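Below is one structure; the comments refer to it alone.
These values consider heavy atoms only, across backbone and side chains, with no hydrogens, waters or symmetry-generated copies. A note on names: the letters A, B, ... follow the listed sequences, proteins ahead of strands, and every chain is numbered from 1. Predicted model, so just to flag it, every value in this text is computed and none were measured.
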Amino acid sequence: MKKELKIYNSYSREKEIFKPIHEGRVGMYVCGPTVYSDVHLGNCRSFTSFDVVYRYLVHLGYKVRYVRNITDVGHLEGDADTDAEDKISKKARLEQLEPMEVVQRYMNGFHDMMRIFNILPPSIEPRATGHIQEQIEMVQQILDNGLAYVQNGSVYFDTLKFAKQENVYGKLSGRKIEDLLSETRDDLKNQGEKRHPSDFAIWIKAAPEHLMRWNSPWSAGFPGWHLECSVMSTKYLGKTFDIHGGGSDLKFPHHENEVAQSYGACGCAPANYWMHGNMLLMNGRKMSKSDGNSITPEELFTGNSPHVSKGYSPMVLRFFMMQTHYRSTLDLTDEALQAAEKGYRRLMEANKILQAMQHPGKGSAGNLDKEINGLIDQAFADMNDDFNTPKALASLFELVTKINSLKGGQLSFSETTAETLARLQQTFKDFIFNIFGLLNEDAEASGNGIVDGLMDLILDMRQQARTNKDWGTSDKIRDALKELKIQVKDGKEGATWVKG
RNA sequence: GGUCGGUUGGCCGAGUGGCUAGGCAGAGGUCUGCAAAACCUCGUACGGCGGUUCGAAUCCGCCACCGACCUCCA
């Protein structure tokens with residue numbers, strides 16, 4: 001069942017068999033948020049995608065060190081050598097807060113949202129401001145290696161020199177080096193401090209009014225955005241580690257520059273596998289904080305948005321994301337969310353039925369047995385094929401039909417063994433809760449026992465009425481419950497109920 | 001403009017050179033006191049035009065449209 005895992009590597013643009021550097025262990029780094037405003041749903045998709053990667057690696061038995069940073073300094077709006085301002089500094093200025101107050105507020109919000117979506121915390125969540133010393137050291141290394149230059153207290157990475165030297169610049173993001181080289185320095189004008197337009201700041205001298213600043217050999221200033229990821233991944237995972245993830249919009253310049261920096265500092269590639277999640281779309285366009293085409297999770301939960309007709313729960317959204325491969329764009333529409341809601345409920349309900357099942361004992365490995373085992377194997381094969389959650393989910397839904405048929409009597413337990421049923425129960429649970437990371441929201445909502453007790457009473461009274469062929473009373477109860485969004489399901493062994 | 005990716009049935013979304021994706025919605029049926037739920041069956045979808053092939057939605061070319069990146073963004 002645990003065949004080899006294949007991962008699409010953005011760096012080679014091919015699916016590759018995953019081989020960790022150290023057997024049984026995985027080092028994974030994912031670019032976290034810049035905490036200068038509330039997370040939007042697009043961010044959540046990205047972290048959900050990598051959450052599933054993390055969960056699946058753990059499920060496969062790997063010991064994973066998962067590092068996901070918090071960017072709390074250095075992320076600029078604009079270009080470093082012109083009129084750029086640090087995003088967090090800017091927010092602090094606008095709201096008259098300490099920069100660290102801004103960071104704390106949005107970091108708390110981010111963590112809350114991760115919890116709501118049942119996204120597991122990383123093993124290490126380092127912050128850029130906690131690694132200033134290491135960043136200064138890396139700047140120095142790059143300078144020592146001759147791949148950076150100092151200009152008025154700021155330090156810039158020399159991309160042109162690096163491109164000529166290593167021939168890797170542009171590989172990740174698919175940029176043509178010739179284009180870069182063809183723009184010779186003599187042709188360039190109005191470049192400010194940079195010698196070449198593609199050069200980027202690794203240390204930035206702080207303007208007098210800038211709040212966040214640290215002393216360095218070059219100036220009182222702050223580190224460049226890309227540098228933190230190179231520094232923190234190196235510190236916690238080593239110079240070269242297994243997997244580096246992030247949104248596809250980070251490929252350039254952020255990841256490209258990370259690669260450059262790692263080569264610039266140690267002469268080696270930072271990661272063996274680069275994974276890029278695709279964007280969440282709304283109205284056919286990328287959901288983006290900066291251009292306003294975004295929706296917050298809260299707005300979706302409450303339905304307080306012109307984009308949706310009603311609210312959708314966090315797990316419905318998580319399920320919605322599972323239905324699409326992480327490398328495909330996902331278009332958010334009300335209709336698709338409604339479909340996801342029903343699909344989610346159907347899946348959870350089937351699991352409930354499955355877990356309550358008991359094999360009658362006698363059963364042989366017939367056709368059904370083969371089908372069930374085949375579908376389980378298929379689901380794992382799907383996940384092994386670059387984490388294909390929609391395909392795995394399809395296999396699961398085929399199992400849902402088997403489960404319901406076993407319950408409804410259309411299929412017989414005699415066709416399957418107790419062993420297979422046990423495997424199905426275990427695997428189904430593993431997939432839904434451990435790998436996909438879904439939670440059973442209904443169970444949590446009704447967990448206090450009072451509702452369950454009341455419902456037992458009500459359904460018992462209704463059963464009395466039905467035995468007496470008192471259809472009026474029976475239907476009155478059913479309709480009244482429906483008003484309360486409780487659905488009564490009549491079955492051979494009495495009635496059950498479900499929310500919604 | 002450059003680079004890359006996409007265009008799948010009513011909607012969302014997988015996918016492979018020939019064999020069912022799946023979810024939701026819709027139609028018919030079974031079950032039911034009637035429903036609901038569940039189960040069974042169904043629609044012969046792959047942007048357009050050419051080409052390669054015994055065979056292409058899947059490979060190649062051209063065209064159209066959409067998007068992402070190229071500047072901050074998961």
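- Not counting sequence neighbours, A/K407 has no partner by the salt bridge (Lys or Arg N to Asp or Glu O under 4.0 Å) test.
- Here A/R68 does not reach the OP1 or OP2 of B/A74: none of its side-chain N or O atoms lies under 4.0 Å away.
- Shown here are the salt bridge (Lys or Arg N to Asp or Glu O under 4.0 Å) partners of A/D460, two or more places apart in sequence or in another chain: there are none.
- Under a 4.0 Å N-O distance rule, the pair A/E193/A/K205 does not qualify as a salt bridge.
- Below 30°, between 30° and 60°, or above 60°: for A/F117 and A/F301 the angle between ring planes is between 30° and 60°, a tilted geometry.
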For nucleotides 9-13 of chain B, print each protein N/O atom paired with a nucleotide N/O atom at under 3.5 Å, atom names and distance only.
residue : atom : partner : partner atom : Å
B/C11   : O2'  : A/E335  : OE1          : 3.3
B/G13   : OP1  : A/D331  : N            : 2.9
B/G13   : O2'  : A/Q323  : O            : 3.3

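- For A/Q463 and B/U32, the CD to P distance is 15 Å, given to the nearest whole Å.
- Across residues 467-477 of chain A, A/W471, A/S474, A/D475 each have a non-hydrogen atom less than 4.0 Å from an atom of RNA chain B (numbered order).
- Partners of A/E415 by side-chain contact (heavy atoms from CB on, under 4.5 Å), not counting sequence neighbours, listed by chain and number: A/N367, A/L368.
- Every residue two or more places apart in sequence or in another chain that forms a salt bridge (Lys or Arg N to Asp or Glu O under 4.0 Å) with A/E371 is listed here: A/K402.
- If you measure from atom NE2 of A/H276 to atom P of B/U3, you get 20 Å, rounded to the nearest angstrom.
- The separation of B/C46 from B/C39, taken at their P atoms, amounts to 29 Å, rounded to a whole angstrom.
- Here the nucleotide nearest the side chain of A/R175, chosen from B/G33, B/C69, B/A74, is B/C69.
- One atom, CD of A/E256, and another, C1' of B/C4, lie 13 Å apart when rounded to the nearest Å.
- Rounded to a whole angstrom, the distance from the C1' atom of B/C4 to that of B/C12 is 25 Å.
- Atoms OH and CG, on A/Y326 and A/D386 in that order, are 3.5 Å from each other to the nearest 0.5 Å.
- A/V488 comes within 4.0 angstrom of a base, heavy atoms only.
- Heavy-atom neighbours of A/K6 NZ from other residues, nucleotides or ligands within 6.0 Å: at or below the threshold of 12.
- A/G42 comes within 4.0 angstrom of a base, heavy atoms only.
- When the P atom is used for both B/A45 and B/U30, the distance is 29 Å, rounded to whole Å.
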Whenever both distances are under 3.5 Å in a Watson-Crick or G-U wobble pair, mark it; put RNA chain B into dot-bracket that way, with [ ] for crossing pairs and | when the partner is on another strand. (((((((..(((.....[...))).(((((.......)))))....(((((..]....))))))))))))....

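- Evaluation of atom-type donor-acceptor distances gives a pair under 3.5 Å for the side chain of A/R478 against the base of B/C34.
- Atom CD in A/Q338 sits about 18 Å away from atom P in B/G23, given to the nearest Å.
- At a non-hydrogen distance threshold of 4.0 Å, nothing from residues 106-127 of chain A comes into contact with RNA chain B.
- With both ends at atom P, the span from B/U53 to B/C60 equals 16 Å, rounded to whole Å.
- A cation-pi geometry, defined here as NZ or CZ lying under 6.0 Å from the six-membered ring centre and within 45° of its normal, holds between A/R175 and A/F252.
- Between the CD atom of A/E349 and the P atom of B/A37 there is a distance of 12 Å, rounded to whole Å.
- The nearest heavy atom of RNA chain B to A/M279 and to A/Y344 marks one nucleotide each, and the one closer to the 5' end goes with A/Y344.
- Contacts of A/R45 classified as salt bridge (Lys or Arg N to Asp or Glu O under 4.0 Å), with partners at least two apart in sequence or in another chain: none.
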Donor-acceptor contacts under 3.5 Å from residues 391-400 of chain A side chains, at least two apart:
residue : atom : partner : partner atom : Å
A/K391  : NZ   : A/D382  : OD1          : 3.4
A/S395  : OG   : A/D382  : OD2          : 3.0
A/S395  : OG   : A/K391  : O            : 3.4

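- Separation of the P atoms belonging to B/G33 and B/G26 is 25 Å when rounded to the nearest angstrom.
- Annotation: B/A56 and B/G61 have their C1' atoms spaced 15 Å apart (nearest Å).
- A/S288 and A/N293 are not linked by any side-chain donor-acceptor pair at a separation below 3.5 angstrom, with hydrogens and angles left out of the test.
- A gap of 41 Å separates the P atoms of B/C49 and B/A37, to the nearest Å.
- Looking at residues two or more places apart in sequence or on another chain, you find no ring-ring contact (aromatic ring centres under 6.0 Å, His included) involving A/F387.
- Between A/R346 and B/C39 there is a side-chain N or O to OP1 or OP2 distance below 4.0 Å.
- Under the 4.0 Å criterion applied to side-chain N and carboxylate O atoms, A/R115 and A/D112 are assigned as salt-bridge partners.
- The NZ-C1' distance, from A/K342 to B/A37, rounds to 13 Å in whole Å.
- For the ring-ring contact (aromatic ring centres under 6.0 Å, His included) criterion with A/H244, the lone passing option out of A/W274, A/Y11, A/F50 is A/W274.
- One C1' atom belongs to B/A21, the other to B/U16, and the distance between them is 11 Å to the nearest Å.
- In this structure, A/I486 places its CD1 atom 17 Å from P of B/A37, rounding to the nearest Å.
- At B/A36, none of the side-chain N or O atoms of A/K482 fall inside 4.0 Å of OP1 or OP2 (strictly under the cut-off).
- RNA chain B lies under 4.0 Å from at least one heavy atom of each of the following residues of residues 396-408 of chain A: A/F397, A/E398, A/T401, A/N404, A/S405.
- With the nearest nucleotide of RNA chain B identified for both A/C44 and A/R327, A/R327 has the one nearer the 5' end.
- Here the nucleotide nearest the side chain of A/K489, chosen from B/C39, B/A36, B/A14, is B/A36.
- A perpendicular orientation is assigned to the rings of A/H226 and A/F200, their planes being inclined by more than 60° (bins at 30° and 60°).
- Salt-bridge annotation for A/R318 and A/E441: absent, with no side-chain N of the basic residue lying under 4.0 Å from a carboxylate O of the acidic one.
- Around NZ of A/K482, the count of heavy atoms belonging to other residues, nucleotides or ligands within 6.0 Å does not exceed 12.
- Aromatic pair A/F431/A/F436: ring centres closer than 6.0 Å.
- Within the nucleic acid shown, A/N388 comes within 4.0 Å of sugar-phosphate atoms alone, with no base atom in reach, counting heavy atoms only.
- Note on A/Q487: only backbone sugar-phosphate atoms sit closer than 4.0 angstrom, heavy atoms only; bases stay farther off.
- Of the candidates B/C72, B/C69, B/A37, B/C69 carries the atom nearest the A/K286 side chain, counting heavy atoms from C-beta on.
- When heavy atoms are screened at a 4.0 angstrom cut-off, A/G491 is found touching no nucleic acid atom at all.
- Summarising the geometry, the separation between CG on A/L281 and C1' on B/G5 is reported as 12 Å, rounded to the nearest angstrom.
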